[in-house]
> 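Before anything else, here's the structure in question.
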Number of protein chains: 2
Amino acid sequence: MSSSASSPVLLAPALLDRFASIVGEAHVLREAADIAPRLVENRGLYHGASPMVLKPATVEEVSAILKLATETGTAIVPQTGNTGLVGGQTPREGGSDIILSLERMNRIRDIDPVANVIVVDGGCILADVQRAAEQRGRLFPLSLGSEGSCRIGGNLSTNAGGTAVLAYGNIRQLCLGLEVVLPTGEIWNGLRRLKKDNTGYDLRDLFIGAEGTLGVITGAVLKLFPQPLGHQVAFAGIASVEDALTLFKNASSLCAGALTGFELMPRIGVEFTARNIEGVRDPLASPHPWYVLIDISTSDTAETAERMMTTLLEQGFEAGLVQDATIASSEAQRQALWHMRESMSDAQKPEGGSIKHDVSVPVSQIPQFMHEAEKAVMAAMPGARICAFGHMGDGNIHYNISQPVGADKAQFIGRWREMNHIVHGLVLKHEGSISAEHGIGQLKRDELAEIRPGIEIELMKRIKRSFDPAGIMNPGKVVLV
Amino acid sequence: MSSSASSPVLLAPALLDRFASIVGEAHVLREAADIAPRLVENRGLYHGASPMVLKPATVEEVSAILKLATETGTAIVPQTGNTGLVGGQTPREGGSDIILSLERMNRIRDIDPVANVIVVDGGCILADVQRAAEQRGRLFPLSLGSEGSCRIGGNLSTNAGGTAVLAYGNIRQLCLGLEVVLPTGEIWNGLRRLKKDNTGYDLRDLFIGAEGTLGVITGAVLKLFPQPLGHQVAFAGIASVEDALTLFKNASSLCAGALTGFELMPRIGVEFTARNIEGVRDPLASPHPWYVLIDISTSDTAETAERMMTTLLEQGFEAGLVQDATIASSEAQRQALWHMRESMSDAQKPEGGSIKHDVSVPVSQIPQFMHEAEKAVMAAMPGARICAFGHMGDGNIHYNISQPVGADKAQFIGRWREMNHIVHGLVLKHEGSISAEHGIGQLKRDELAEIRPGIEIELMKRIKRSFDPAGIMNPGKVVLV
């Protein structure tokens with residue numbers, strides 16, 4: 001999927017010096033060893049090259065960098081936490097992409113717990129934003145596995161989802177306003193704090209999810225929420241995906257906005273975590289084909305959450321939907337249940353190669369999709385271990401396939417596109433999405449162009465050209481112009 | 001603000017015949033008397049001219065119309081319910097804009113109460129969509145005064161708000177997918193039903209709120225919700241806007257997503273409705289400076305809503321925030337309280353001229369904004385009767401000014417721009433919006449260009465030009481290219 005690349009410096013040294021002078025030499029990385037960690041991403045699918053990393057401290061410095069880039073036709077790759085899963089933050093292999101890191105722009109600019117807004121730099125680490133909110137008695141609900149290192153600018157550029165989407169939405173729904181530096185260097189101050197504002201085209205939502213191809217998000221106004229008074233987490237053993245779906249519908253009707261998580265996990269995923277993640281054990285006495293993690297948060301009283309969870313599970317037992325269940329009785333137990341779910345990706349690593357899919361289908365079609373995909377995958381690769389888990393309430397399944405026991409890893413990974421083709425084909429049959437929350441980046445760019453109507457790709461190209469006439473903003477990602 | 005215009009036919013008869021042949025002569029209006037109602041809007045601010053109204057029945061006919069329009073440089077004004085308040089649906093005065101009405105495209109294409117989605121034509125009347133949902137035990141929450149005649153395509157094109165935004169959001173938050181005919185005639189099928197889909201630029205949200213200047217929305221996938229089990233409505237007398245804000249914050253913390261409405265009304269608004277709207281009476285025994293209507297809906301039990309409302313009002317009485325209150329004890333009483341609020345616009349008509357503003361400020365700044373605006377308006381126009389009411393929880397105030405008793409209506413209306421200048425100046429001081437939910441249309445186009453950063457208007461122009469190269473889509477609205 002990529003070749004190991006050296007770092008040929010294709011840009012003239014004098015030009016590099018001009019870029020460096022904008023941020024000051026102390027905030028530039030030029031040594032290959034210093035740059036190296038920025039050229040790879042977590043999955044090891046892409047390995048790029050770059051002559052330098054620039055670390056601006058201000059919006060004005062970002063502006064000066066992009067202005068010079070447009071004037072000189074120099075490609076710029078914005079990078080925040082480098083946790084992306086589709087190669088969107090990785091420079092191309094040619095060695096002429098300069099990396100622009102927002103890591104020094106990590107200030108909480110303002111927090112107003114009364115108005116329930118926080119204003120942050122694009123380089124703020126997600127966990128720091130969560131913590132700042134918590135210290136003022138508020139909740140910033142975006143939560144995902146990489147929250148300790150991913151940064152808000154990247155979260156916004158990929159429209160990050162995570163485990164709290166069911167009640168709070170993707171980060172798109174959590175964002176009121178943006179500050180963006182355009183490829184030409186112009187600064188758009190759209191840092192509005194308004195819930196309602198119908199004044200022209202929705203530029204904010206155009207930059208959100210554009211993966212840094214239309215500009216650099218340097219600041220954002222985000223929504224805060226009251227911290228819930230009641231919080232209940234349960235873990236239930238379920239016979240089938242159909243039963244899990246019925247239980248989800250019951251939970252939605254009963255809890256509405258109080259249903260803050262509904263995660264589906266297969267038996268093999270629980271086995272992987274119990275075997276490979278320290279401190280994790282199967283919370284139930286005997287094995288079940290499927291599991292759901294149910295999270296309920298209530299604002300009025302703690303008792304409401306307790307009553308909702310008890311009612312949901314009791315009715316579930318009576319209807320034969322729930323085979324066994326445990327309700328966490330302490331914060332530590334709640335965290336332990338979530339830890340199992342959140343370590344399900346890491347738990348696959350010791351099992352050998354894993355071919356990943358981040359897909360969504362309409363929620364009601366999850367069972368049929370899962371059956372058809374299992375049949376097709378097992379026919380193509382007997383012995384494959386399917387660890388398909390995820391945000392059932394959002395229709396979002398991380399359809400991961402671990403290699404058969406004892407198989408050759410490289411050979412297995414070599415079948416990535418073949419497996420993609422099988423799984424994505426079924427996703428499209430059910431009118432689903434080939435990227436529910438991770439984005440397009442490099443990994444799915446060509447596939448997107450194949451599966452979408454021509455006019456859709458054409459409109460994206462027109463927007464890209466009109467915002468980035470010199471083609472310098474994260475070229476080669478999302479859409480080829 | 002506009003001149004009464006005749007309808008000079010500037011387009012060649014042969015060209016008009018080509019347009020007519022696409023939909024068939026039976027579905028064309030050419031007589032001045034038939035066209036006349038489509039040339040004016042409810043507020044009487046704009047009076048346009050048009051040689052014909054086309055009523056296509058299919059997406060393909062819309063496509064053929066726009067293709068011909070782009071080829072021949074003919075301006076097209078899309079019109080649905082003609083209930084817009086900023087002149088966005090009114091043709092220009094020159095007489096060369098053809099009106100494209102979606103009224104025949106009014107089918108419910110599909111409804112899936114299990115998946116909680118409904119798929120509708122752009123010409124569906126909002127009340128029909130609400131009714132279709134209700135018949136299947138579901139709720140489509142968008143609710144506004146004109147719901148009996150406004151249509152979904154217009155609701156989407158103006159990103160309609162209304163009275164249920166607090167819990168459910170504007171229609172932007174209620175829309176999963178769109179079908180749009182582009183100015184060139186190409187059809188974009190984006191009728192997706194997915195909650196999560198991170199695959200490229202967010203075209204959907206670009207068309208929503210674009211007021212028909214980027215294409216014609218011919219179909220949409222909308223979200224449905226469970227019908228609430230508990231529903232409580234209260235009407236409370238309040239001493240000040242500050243107290244109303246504190247009560248709102250208490251309600252938000254206590255009820256979270258169950259708080260489905262929090263509307264602020266001044267004494268004079270209650271007087272206007274009691275005097276001018278049949279069947280409305282002041283629900284409280286003695287007068288109060290301000291009133292709030294509180295709406296709580298719960299999904300788990302009816303008792304939860306009852307308990308929340310009782311707790312909120314009891315604590316409000318104890319804290320001295322609530323002077324008097326009544327809780328509706330039947331569906332009829334609930335409707336009566338909402339009827340008072342919803343007829344507050346109509347109630348102003350018998351009082352003479354009314355200068356309107358649809359503004360928003362950050363919620364926490366509503367009291368200060370209201371004080372400053374009252375002072376400035378009364379200084380400029382002694383005797384003015386300020387009827388400022390609206391969706392407090394969204395920061396959205398309809399800041400309407402009725403003429404002084406006995407004043408000359410025309411002279412009063414002649415001061416529209418002066419009053420705008422005063423009110424909008426304070427809105428901008430508080431970093432608010434000059435159009436919270438009604439949009440830009442013709443009414444606020446030039447003002448928007450004045451108050452927004454140049455780069456923002458420039459980006460809008462670039463998008464407009466790249467989507468509508470011939471400049472035929474609702475020209476003269478939102479942004480001048």
Side-chain angles (χ1 to χ4, degrees), chain A residues 114-115 158-159 161 165 170 173 182 186 188-190 192-203 205-206 208-210 226 252-257 299-300 304 308 360 362-364 394-396 431-440 448 453 455-456 459-460 462-463 466-467 478-479, chain B residues 114-115 158-159 161 165 170 173 182 186 188-190 192-203 205-206 208-210 226 252-257 299-300 304 308 360 362-364 394-396 431-440 448 453 455-456 459-460 462-463 466-467 478-479:
Chain A
V114 176
T158 56
N159 186 25
V165 172
N170 280 35
Q173 279 79 44
L182 295 159
E186 288 158 302
W188 176 52
N189 182 338
R192 293 166 198 148
R193 302 181 180 208
L194 302 169
K195 293 188 179 176
K196 289 172 79 172
D197 178 25
N198 280 349
T199 49
Y201 304 160
D202 182 6
L203 299 177
D205 285 314
L206 197 52
I208 295 175
S252 300
S253 293
L254 183 72
C255 311
S299 58
D300 59 335
T304 307
M308 281 178 173
S360 67
V363 178
S364 56
D394 308 318
N396 181 187
E431 300 189 333
S433 170
I434 62 164
S435 190
E437 60 177 8
H438 296 162
I440 298 300
L448 186 71
I455 183 63
E456 183 167 332
L459 290 176
M460 287 170 54
R462 287 188 206 162
I463 293 169
S466 72
F467 278 51
V478 186
V479 65
Chain B
V114 176
T158 57
N159 186 25
V165 172
N170 280 34
Q173 280 79 43
L182 294 159
E186 288 159 300
W188 176 52
N189 182 341
R192 294 166 198 149
R193 302 181 180 209
L194 303 170
K195 292 186 179 177
K196 289 172 79 172
D197 178 26
N198 280 350
T199 49
Y201 304 161
D202 183 7
L203 298 177
D205 285 314
L206 197 52
I208 295 175
S252 300
S253 293
L254 183 72
C255 310
S299 57
D300 59 334
T304 307
M308 282 178 172
S360 66
V363 179
S364 56
D394 308 317
N396 180 188
E431 300 188 330
S433 170
I434 62 163
S435 191
E437 60 176 8
H438 296 161
I440 298 300
L448 186 71
I455 183 64
E456 182 167 332
L459 289 176
M460 286 169 54
R462 286 189 206 161
I463 293 169
S466 72
F467 278 52
V478 186
V479 64

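Only a predicted model underlies this, so the values are computations on that prediction, with no experimental measurement involved. Labels below follow one simple rule: chain letters A, B, ... track the order of the sequence lines, proteins then strands, and each chain is numbered from 1.
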> For B/Thr158, is it the side chain, the backbone, both, or neither that has a heavy atom closer than 4.5 Å to a heavy atom of chain A?
backbone
> In Å and rounded to the nearest 0.5 Å, what is the OH to CG distance from B/Tyr201 to A/Leu206?
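Answer rounded to 0.5 Å: 8.0 Å.
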> Looking only at heavy atoms and a cut-off of under 4.5 Å, which of B/Val478, B/Leu254, B/Leu203, B/Leu194 has the most pairs with chain A?
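Among the listed options, the one with the most contacts to chain A is B/Leu194.
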> By a 4.5 Å heavy-atom criterion (distance strictly below it), what part of A/Glu456 contacts chain B: side chain, backbone, both, or neither?
both
> Looking at B/Ser433, B/Ala436, B/Ala256, which makes the most heavy-atom pairs under 4.5 Å with chain A?
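Sorted descending by pairs with chain A, the first entry is B/Ala436.
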> Relative to chain A, which segment of B/Ile440 carries a heavy atom at a distance below 4.5 Å: side chain, backbone, both, or neither?
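Contact with chain A: backbone and side chain both.
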> Counting heavy-atom pairs under 4.5 Å with chain B, which one of A/Gly209, A/Ala115, A/Ser253, A/Ser252 comes out on top?
A/Ser253
> For chain A, which of B/Arg192, B/Lys195, B/Glu431 has the most heavy-atom pairs under 4.5 Å?
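Ranked by contacts with chain A, first place is B/Arg192.
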> What pair of heavy atoms forms the shortest contact from A/Ser360 to B/Lys196, and how long is it?
OG-O, 2.7 Å
> Using heavy-atom distances under 4.5 Å, tell me whether A/Asn170 contacts chain B through its side chain, its backbone, both, or neither.
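Looking at A/Asn170, just its side chain touches chain B.
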> Backbone N or O of A/Pro362 within a donor-acceptor pair of the B/Arg193 side chain at under 3.5 Å?
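Answer holds: no.
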> Identify which part of B/Met308 has an atom lying under 4.5 Å from any heavy atom of chain A, answering side chain, backbone, both or neither.
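For B/Met308, side-chain heavy atoms alone lie under 4.5 Å from chain A.
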> Identify which part of A/Ser364 has an atom lying under 4.5 Å from any heavy atom of chain B, answering side chain, backbone, both or neither.
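Contact with chain B is through the side chain of A/Ser364 alone.
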> Quick check for you: among A/Asp197, A/Val165, A/Ile434, A/Asn189, which has the greatest number of heavy-atom pairs under 4.5 Å with chain B?
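Between A/Asp197, A/Val165, A/Ile434, A/Asn189, the count favours A/Asp197.
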> Identify which of B/Ser435, B/Pro453, B/Pro226 forms the greatest number of heavy-atom pairs closer than 4.5 Å to chain A.
B/Ser435
> Answer with side chain, backbone, both or neither: which region of A/Asn396 has an atom nearer than 4.5 Å to a non-hydrogen atom of chain B?
side chain
> Is the closest side-chain heavy-atom distance between A/Leu182 and B/Leu459 below 4.5 Å?
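They are in side-chain contact.
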> Could you check which of B/Val114, B/Ile455, B/Thr199 has the highest count of heavy-atom pairs closer than 4.5 Å to chain A?
B/Thr199
> So what's closer than 4.5 Å to chain A heavy atoms on B/Glu186: side chain, backbone, both or neither?
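For B/Glu186, the contact with chain A is made by the side chain alone.
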> How close do A/Asn198 and B/His438 get, counting heavy atoms only, and between which atoms?
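For A/Asn198 versus B/His438, the nearest heavy atoms are ND2-N, 4.5 Å.
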